[in-house]
Amino acid sequence: MPELPEVEILVRHLAPLVKGKTIRDVEVRRPRVIRPTAERELRQTLRGATFANLSRRGKYLVFTLHAPKRTELISLIGHLGMTGRMFLAGKKSPLPKHAAIILDLGKHLMIFEDTRYFGRFTLDSSGPAALGPEPLGKEFTPTYLVAALKRYTQAIKVKLLDQTLVAGIGNIYASEALFRAGISPRAKSNQLTLPQLTRLHRAIREVLARAIRQGSTVPLDFAGDGARDGLFYYGSKGDANGFYSERLLVYDRLGQPCPKCRTPIRRFVQAARSTYYCPACQPT
DNA sequence: CACCATGTTCCTTG
DNA sequence: CCAAGGAACATGGT
């Protein structure tokens, strides 16, 4: 469930549920997701620690905790990969098949499940440290975009997925932002004009902010039985009613009419990822 | 069986 | 140094 808006919604829901809670025990079912932290170290560090805060940086979740006998706060870094979820569950509810990490919080369990195990749950904070500016933050300006893209001939769609350029844009919102800005995904980064980059800057912020706003209206139930964080992310079950995909204008809409001009939406592959666009509204 | 999938990272080739 | 393409990771859906 992974781009910036989905992570932001998860953080908002999870933060009040974990703050002040103390980790009694840690079960590592999939050691690969904690890499490069060792299992022993994770358990020793987290046992007895209390959640102080939870925030987001790009697509990463950043938990901070107080540990007994330590002055500095500990940072615990989460990343959902392609299929990760985090939620609280009662101790009696059955564990999901792909539970990777289970934290015993006393009354509840906090579960990190991840079908494909591409996600992370680690003490290593080098991931978020390497990120570019937050797209919804003050540092992300049209001027920044101009300077950051100047040196690259790479296609803009590919460059938007570069987390060191801007943090948090993924494959879905990259296509959506370019459509809204009326820019071809094939356009070379260093050939975009100032008006184009101004539009792209605004489109990125709008697309992400709208998604967060709309995601905020979805009721999530983290602690109920059989609870999931469902309903919001692309392809989730609650999406049967089209809640999520309805507001995506081009992504996964191959052959469907463009919402602006009715030209059929096209798909092609860039950097091994699908790109969707309207050939009329986003001319090369 | 085939192809696709919200992400990241590594490797090769130019 | 950079760009582009591919594969890998691992599992499931259609």
Side-chain angles (χ1 to χ4, degrees), chain A residues 1-10 29-36 56-61 77-86 96-100 112-122 124-132 135 148-177 185-191 207-208 211-212 214-215 218 228-240 243-255 267-276:
Chain A
M1 90 159 215
E3 297 182 41
L4 184 152
E6 294 78 18
V7 178
E8 176 66 26
I9 296 303
L10 174 61
R29 298 198 156 198
R30 281 286 173 156
R32 96 176 301 269
V33 309
I34 70 173
R35 72 194 188 285
R56 179 193 57 73
R57 180 78 174 89
K59 300 171 194 170
Y60 289 90
L61 298 103
I77 306 301
H79 193 292
L80 300 171
M82 295 266 264
T83 52
R85 302 171 183 198
M86 285 185 200
K97 183 176 177 189
H98 297 293
F112 172 41
E113 72 152 327
D114 185 357
T115 308
R116 292 168 75 179
Y117 305 114
F118 290 172
R120 289 291 180 91
F121 199 81
T122 180
D124 171 33
S125 54
S126 62
L131 296 174
L149 291 173
K150 216 180 204 134
R151 325 175 268 136
Y152 300 102
T153 56
Q154 218 170 2
I156 183 62
K157 158 64 164 40
V158 176
K159 214 50 201 161
L160 287 179
L161 299 180
D162 178 352
Q163 303 297 299
T164 69
L165 186 89
V166 196
I169 301 173
N171 202 40
I172 292 176
Y173 294 112
S175 281
E176 293 297 311
R186 296 181 223 257
K188 293 189 186 304
S189 298
N190 64 354
Q191 289 178 3
V207 146
L208 298 176
I212 291 172
Q214 299 191 16
V218 182
R228 287 294 184 279
D229 54 71
L231 301 179
F232 180 45
Y233 53 93
Y234 182 76
S236 68
K237 285 198 183 149
D239 198 39
F243 175 83
Y244 188 111
S245 57
E246 237 169 44
R247 40 187 201 73
L248 298 179
L249 303 183
V250 292
Y251 184 82
D252 205 20
R253 291 189 178 279
L254 176 63
R267 169 193 181 273
F268 73 110
V269 172
Q270 289 178 296
R273 317 291 307 275
S274 287
T275 298
Y276 295 87

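No experiment lies behind these values; they were computed from the predicted model shown.
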Undergrad: Return the orientation label for the A:Y251 and A:Y276 ring planes: parallel under 30°, perpendicular over 60°, tilted otherwise.
TA: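 Plane angle over 60°, so perpendicular.
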
Undergrad: Cation-pi check for A:Y117 against A:R30: NZ or CZ below 6.0 Å from the six-membered ring centre and within 45 degrees of the axis, yes or no?
TA: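 Judged by the rule, A:R30 and A:Y117 form a cation-pi pair.
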
Undergrad: If you check the A:R32 side chain, which of C:dC9, C:dG12, B:dT6 turns out closest?
TA: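 For the A:R32 side chain, the nearest candidate turns out to be C:dC9.
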
Undergrad: Choose from C:dG12, B:dA5, C:dA10 the nucleotide whose nearest atom is closest to any side-chain atom of A:S274.
TA: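 It is B:dA5.
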
Undergrad: Among C:dA10, B:dT8, B:dA5, find the nucleotide with the atom closest to the side chain of A:R30.
TA: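 Of C:dA10, B:dT8, B:dA5, C:dA10 is nearest to the side chain of A:R30.
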
Undergrad: So what does A:R35 hit on the nucleic acid, given a heavy-atom distance under 4.0 Å: a base, only sugar-phosphate, or nothing?
TA: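 It contacts nothing in the nucleic acid.
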
Undergrad: Which residues within residues 150-158 of chain A lie with some heavy atom under 4.0 Å of an atom in DNA chain C?
TA: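 The stretch gives A:R151, A:Y152, A:T153, A:Q154 as the residues lying under 4.0 Å from the strand, ordered by number.
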
Undergrad: Locate the shortest heavy-atom distance separating A:A174 from A:K157; write the atom from each residue and the value.
TA: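 Result for this residue pair: CB-CD, 3.7 Å.
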
Undergrad: With a 4.5 Å cut-off on side-chain heavy atoms, are A:V7 and A:P2 touching?
TA: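 They are not in side-chain contact.
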
Undergrad: Base, sugar-phosphate, or nothing for A:F118, non-hydrogen atoms under 4.0 angstrom?
TA: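 Here A:F118 touches the bases of the nucleic acid.
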
Undergrad: Counting Watson-Crick and G-U wobble pairs only, both distances under 3.5 Å, name the nucleotide matched with B:dC10, or none.
TA: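 Its partner is C:dG6 (Watson-Crick or G-U wobble, both distances under 3.5 Å).
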
Undergrad: Any side-chain to backbone donor/acceptor pair from A:Q163 onto A:L161? Under 3.5 Å, distance only.
TA: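 It does hold such a pair.
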
Undergrad: Which nucleotide sits closest to the side chain of A:N171: B:dC4, B:dT6, C:dG12?
TA: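 When the side chain of A:N171 is considered, B:dT6 is the closest of B:dC4, B:dT6, C:dG12.
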
